[in-house]
Amino acid sequence: DVQLQASGGGLVQPGGSLRLSCTASGFTLANYAIGWFRRFPGKEREREGVSSIYRTHGYTFYAEVVEGRFTIYRDNAKNAVILQMNSLKPEDTAVYYCAAAQHDPRLVWATDEYDHWGQGTQVTVSS
């Protein structure tokens, strides 16, 4: 059974950091492109692309609003993909999801190009 799980969310003050983990059972994340998306409060049907890491050469992508603050990388020993989030802002408050694609997406933020989705993890940035 293929499952993805996002974890590591929580409550943090503005300027703080969190590290989100995407882990899997039933398949190896190193063989997939992995994307992180988020859903803002009150926007239940929209998922905004945050960051993605491709199979090809490990290419990484970041949404402009997180560029320079967030870092995505693989931890293959743990079958995980990490999203390190620094300098968090209240507008980063959202439910964060990870997703896996068997083939590197042609459009990095196209949610229909990702085959597997995990349950989200809540990130709240507030003082």
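Fair warning: this is a prediction, and the values are worked out from it, not measured in the lab. Along the sequence shown, residues are numbered consecutively beginning with 1.
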query: For the atom pair CE (Met85) and CZ (Arg19), what is the distance rounded to the nearest 0.5 Å?
result: 11.5 Å
message: Taking Phe27's backbone N and O only, do any of them form a donor-acceptor pair with Asn79's side chain (distance below 3.5 Å, no angle check)?
response: yes
- request: Flag yes if Tyr32 and Phe61 sit in one hydrophobic cluster, no otherwise; membership is Ile, Leu, Val, Met, Phe, Trp, Tyr, and two members link when side-chain heavy atoms are under 4.5 Å apart.
  value: no
message: Does either side chain, that of Tyr114 or that of Ser52, offer a donor lying less than 3.5 Å from an acceptor on the other one?
response: yes
- prompt: Under the 6.0 Å and 45° cation-pi test, does Arg47 pair with Trp109?
  reply: no
- prompt: Is atom CD of Gln119 surrounded by more than 12 heavy atoms (other residues, nucleotides or ligands) closer than 6.0 Å?
  reply: no
query: Would a distance-only check, ignoring hydrogens and angles, find a side-chain to backbone donor-acceptor pair under 3.5 Å from Thr93 to Thr124?
result: no
query: Strictly under 6.0 Å, is that where the ring centroids of Tyr96 and Phe37 end up?
result: no
- request: Quick one: do Phe70 and Asp92 satisfy side chain to side chain contact (heavy atoms under 4.5 Å, CB included)? Show the steps, please.
  value: CA-CA 11 Å; Phe70 291 11; Asp92 293 317; 4.0 Å; yes
query: For the atom pair CG (Leu20) and CD1 (Ile82), what is the distance rounded to the nearest 0.5 Å?
result: 8.5 Å
task: Would you confirm whether Asn86, through its side chain, and Gly16, through its main-chain N or O, come within 3.5 Å as a donor-acceptor pair?
output: no
- request: Report yes or no: does Tyr54 contribute a side-chain atom to a donor-acceptor pair with the main-chain N or O of His103 at less than 3.5 Å?
  value: no
field: Shortest non-hydrogen separation from Tyr73 to Gln84 and the atoms involved
entry: CE2-CB, 4.5 Å
query: Roughly how far apart are Leu4 CG and His116 NE2, rounded to 0.5 Å?
result: 7.5 Å
- prompt: Any sub-3.5 Å donor-acceptor pair from Asp104's side-chain atoms to Thr56's backbone N or O?
  reply: yes
- prompt: CZ/Arg74 to CZ/Arg55 distance, rounded to the nearest 0.5 angstrom?
  reply: 8.5 Å
Pair Glu46 + Arg39: basic N to acidic O under 4.0 Å: no
Passing option when Leu83 is tested against Ile53, Val123, Ile72, Ile34 for side-chain contact (heavy atoms from CB on, under 4.5 Å): Ile72
- prompt: Can you tell me how far OG of Ser51 sits from CH2 of Trp36, rounded to the nearest 0.5 angstrom?
  reply: 10.0 Å
- prompt: What distance do Cys98 atom SG and Gln5 atom CD have between them, rounded to the nearest 0.5 Å?
  reply: 7.5 Å
- request: Kindly give the heavy-atom pair with the smallest separation between Gly120 and Val95, and that separation in Å.
  value: CA-CG1, 3.7 Å
message: Check for me whether Arg38 meets the cation-pi criterion with Tyr97, that is, NZ or CZ under 6.0 Å from the six-membered ring centre and within 45 degrees of the ring axis.
response: no
